[in-house]
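Down below is the structure, laid out as structure tokens.
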Amino acid sequence: MNTSTANRQRSNDRTTYTGPGMIATGEATALLPTETTPPIKVFGTQAIRETFDDLCLQQAVNSRLAPGVTDLVLNPDAHCGYGAPVGCVMVSPTHIYPGPVGVDIKCSMSLLQLDLPAEAIEDRKVRRQLISAICQRTPTGAGKGQRNAEKSRHVNRSLGRQLVVEGASEDVCESLGIPTSWAFRCEDSFHLGHDDTTDALGTRLEKLLERRDMSNFSDKMKQLGSYGGGNHFGECEVVEVGQSDRAREVAHAFGLTDGNVAFLSHCGSRGFGHNLASGQFRHLQNKFDQWGIPLPAGDRQLVYAPLGSNEANDYLDDMALGANFATVNHLLINALVLEAFQEVIPGTKGHLVYFISHNIARKESVNNRPAWVHRKGATRAIPGGHHSLVGTPFAKTGHPILLPGNPRDGSAVMVADEGAEASCYSVNHGAGRVLGRRHAKRVLDQTTVDSEFECGDILSNCRQYPIDEAPAAYKDFDEVLRSVKSAGLASEVARLKARFVIKDASKADD
DNA sequence: ATGTGC
């Protein structure tokens, strides 16, 4: 059965995975055998393994057997995605796969630590003021999520062209009022083109701007500093650093302060990244049709390009352009959120803890050779002492791993352990869906969701919190984290407890 | 995910 068939069956809630079963190998690890190649590594406790539906497993097998793929890791938050499961890592030294990077190029998390004690936002009125100050500056929602920017932070066409080519360069940060030091708090503050130059990106951008679907480039650039919709959000948190000596030490190195307010953001490359990604899917699918190349497992979502081909070069350039937009988008959002806090509580100071993606392909060294590591709903997890962190603020400790859970149960900051080599230096990217959006709307009810927020004294900008985004639509976050910890991939540094949530509510009553 | 859906 190929994935297209599986997709059709899923729409009727009938999936039938007929491949081999999982081999249980440990409390939190398992192997999913494939016919002719080494097995897929699965990280998840027994309870988590039961959440993997048939289509998800089928997609994992299809991705593992696709041309040039040498490793595939399935994380505890895995569920079906575009071509490959959301929550997987796919490695290839020879091929690039746009589908397994995903439709939202460089969808990421960022965390801003503020110097406010939790008590400063205890008053619901203060939190209401913060919600409105933040919403004024960082719109949510599809399309219309364009910022009404004051002159000092206006993104005109020429600044737009500069920032998608340069990413968070000093010049770009200065133009937008972003502290330049924040660039050092990024997993990647900029992305180069296929030949490791910015020139390649400038050239590619010129070509793209001639395209009809890029005629609204200036409008796309105006979306800079906005969240968008779906599972994207901004969330005000109180930091609870773990009790162990290591947690306290690492939290200190990360710049996290126990008991203080922080702000967690989740968003990506908005309409610009979507244009680039969907344009590439279409383009490569047409090439496959035109040249009569067989699709991996017959799945159009798994089209690929061999490295060195014009197609691969163009994709890598487009991915970098989208990734640069996402990077500056996150940093600007954080600058605007800080500004909103300062408006409501004058004198507030804040610094970026980290900005890290979970939808991107990076050139890394795997099994001692260079390869493209596609993280599709997966977060890089490199422990302290690893050569690739030399020169960063986190060379000794390992970098922060930012994992959204849900507003009811909290989110987490983790740090990688030595064992992460087994998962290609990756962990999950959050809790992962357990109910599809349609399913969630059918089986969950608004009153329960509302009372969960009321009980936790968690405020929101939404009159009705979107039901398909309710905590119960996601996997048990503690079980997901237990999977990561007991597999030796990463350790918990801090929990983040939600105090208010900013989300797009425009589709809440569909 | 997305100026939203074959």
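Labels below follow one simple rule: chain letters A, B, ... track the order of the sequence lines, proteins then strands, and each chain is numbered from 1.
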Using atom [atom1] of [X] as one end and atom [atom2] of [N] as the other, report the distance to the nearest whole Å.
| X | N | atom1 | atom2 | result |
| --- | --- | --- | --- | --- |
| Leu224(A) | dG3(B) | CG | P | 14 Å |
| Arg437(A) | dG5(B) | CZ | C1' | 15 Å |
| Arg147(A) | dG3(B) | CZ | C1' | 18 Å |
| Arg438(A) | dG5(B) | CZ | P | 14 Å |
| His232(A) | dT4(B) | NE2 | P | 17 Å |
| Gln223(A) | dT4(B) | CD | P | 11 Å |
| Asp219(A) | dT2(B) | CG | P | 16 Å |
| Leu276(A) | dT2(B) | CG | P | 14 Å |

Need one value for [X]: base, sugar-phosphate or nothing, where a base atom within 4.0 Å counts as base even if backbone is also close, heavy atoms only.
| X | result |
| --- | --- |
| Gly273(A) | nothing |
| Gly271(A) | sugar-phosphate |
| Gly229(A) | sugar-phosphate |

For Ala200(A), check side-chain contact (heavy atoms from CB on, under 4.5 Å) against everything at least two apart and list the hits.
-> His194(A), Asp195(A), Thr197(A), Asp317(A)
In chain order, what residues pass the side-chain contact (heavy atoms from CB on, under 4.5 Å) check against Asn359(A), with sequence neighbours excluded?
-> Asp104(A), Cys107(A)
Assign the ring pair His330(A) / Phe355(A) to parallel, tilted or perpendicular, where the plane angle (0 to 90°) is split at 30° and 60°.
-> tilted
Begin from the C-alpha positions of Glu50(A) and Lys475(A) and carry the test salt bridge (Lys or Arg N to Asp or Glu O under 4.0 Å) through to its verdict.
-> CA-CA 11 Å; Glu50(A) 283 162 15; Lys475(A) 296 187 192 184; over 6 Å; no
